[in-house]
Amino acid sequence: MRSSAYQHCGIAALIMGYLHHRSYKVFLVGSIGLTLIIISTTLGHDVLGKTGEVVVSILGSMSIAYGHFRNYQLISAKHETQ
């Protein structure tokens with residue numbers, strides 16, 4: 001499997017976010033999202049079918065978006081307490 005620079009950046013961001021916040025939930029959700037996106041782009045519609053590729057991509061994107069949202073909440077909460 002060929003990894004792209006985006007995948008490497010995503011993995012690095014997940015690790016840095018975890019080290020900063022120590023939130024397993026955000027790390028897990030982000031990891032699942034990134035994995036789904038990698039699966040979708042690697043297998044594509046040839047294996048997943050058109051609908052399968054779209055569904056897997058959307059679920060991955062939603063997981064990543066949720067991870068970003070939770071990260072924002074954690075950062076905001078930290079700044080409020082300082």
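Below, all heavy atoms of this structure are taken into account, side chains as well, without hydrogens, waters or symmetry copies.
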S.K.: Tell me who clusters with Val56, hydrophobic residues only, linked when side chains sit under 4.5 Å apart either directly or through other members.
M.R.: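 Leu28, Ile32, Leu36, Ile39, Leu43, Val47, Leu48, Val55, Leu59, which link up through side-chain heavy atoms under 4.5 Å apart, make up the rest of the cluster.
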S.K.: Residues two or more places apart in sequence or in another chain: which of them pass side-chain contact (heavy atoms from CB on, under 4.5 Å) with Phe69?
M.R.: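 For Phe69 the side-chain contact (heavy atoms from CB on, under 4.5 Å) partners, ignoring immediate neighbours, are Gln73.
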S.K.: What about Ile15 and Tyr24, same hydrophobic cluster or not, with Ile/Leu/Val/Met/Phe/Trp/Tyr joined at side-chain heavy-atom distances under 4.5 Å?
M.R.: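 Result: yes, single cluster for both.
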S.K.: Looking at every non-hydrogen atom in both residues, tell me the closest pair between Glu53 and Ser40 and how far apart they are.
M.R.: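 Minimum heavy-atom contact is O-OG, 3.4 Å.
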S.K.: Could you please spell out the steps behind the side chain to side chain contact (heavy atoms under 4.5 Å, CB included) verdict for Val54 and Lys50?
M.R.: CA-CA 6 Å; Val54 170; Lys50 276 186 174 182; 5.7 Å; no
S.K.: Heavy atoms only: give me the nearest Ser23-Leu74 pair and the separation to one decimal.
M.R.: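 Shortest heavy-atom contact: CB-CD1, 4.1 Å.
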S.K.: Using the rule that two of Ile, Leu, Val, Met, Phe, Trp, Tyr join whenever any of their side-chain heavy atoms come within less than 4.5 Å, decide whether Leu34 and Val26 are in one cluster.
M.R.: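 Unlinked, Leu34 and Val26 end up in two clusters.
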S.K.: Could you measure the distance from the SG atom of Cys9 to the CG atom of Leu14? Nearest 0.5 Å is fine.
M.R.: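 So the gap between those two atoms works out to 11.5 Å.
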S.K.: Membership question, hydrophobic clusters at under 4.5 Å side-chain separation (ILVMFWY): are Leu19 and Phe27 in the same one?
M.R.: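 Shared cluster, yes.
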S.K.: Which hydrophobic side chains are connected to Val29, either touching it within the sub-4.5 Å cutoff or through other members that do?
M.R.: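 Val29 clusters with Tyr66.
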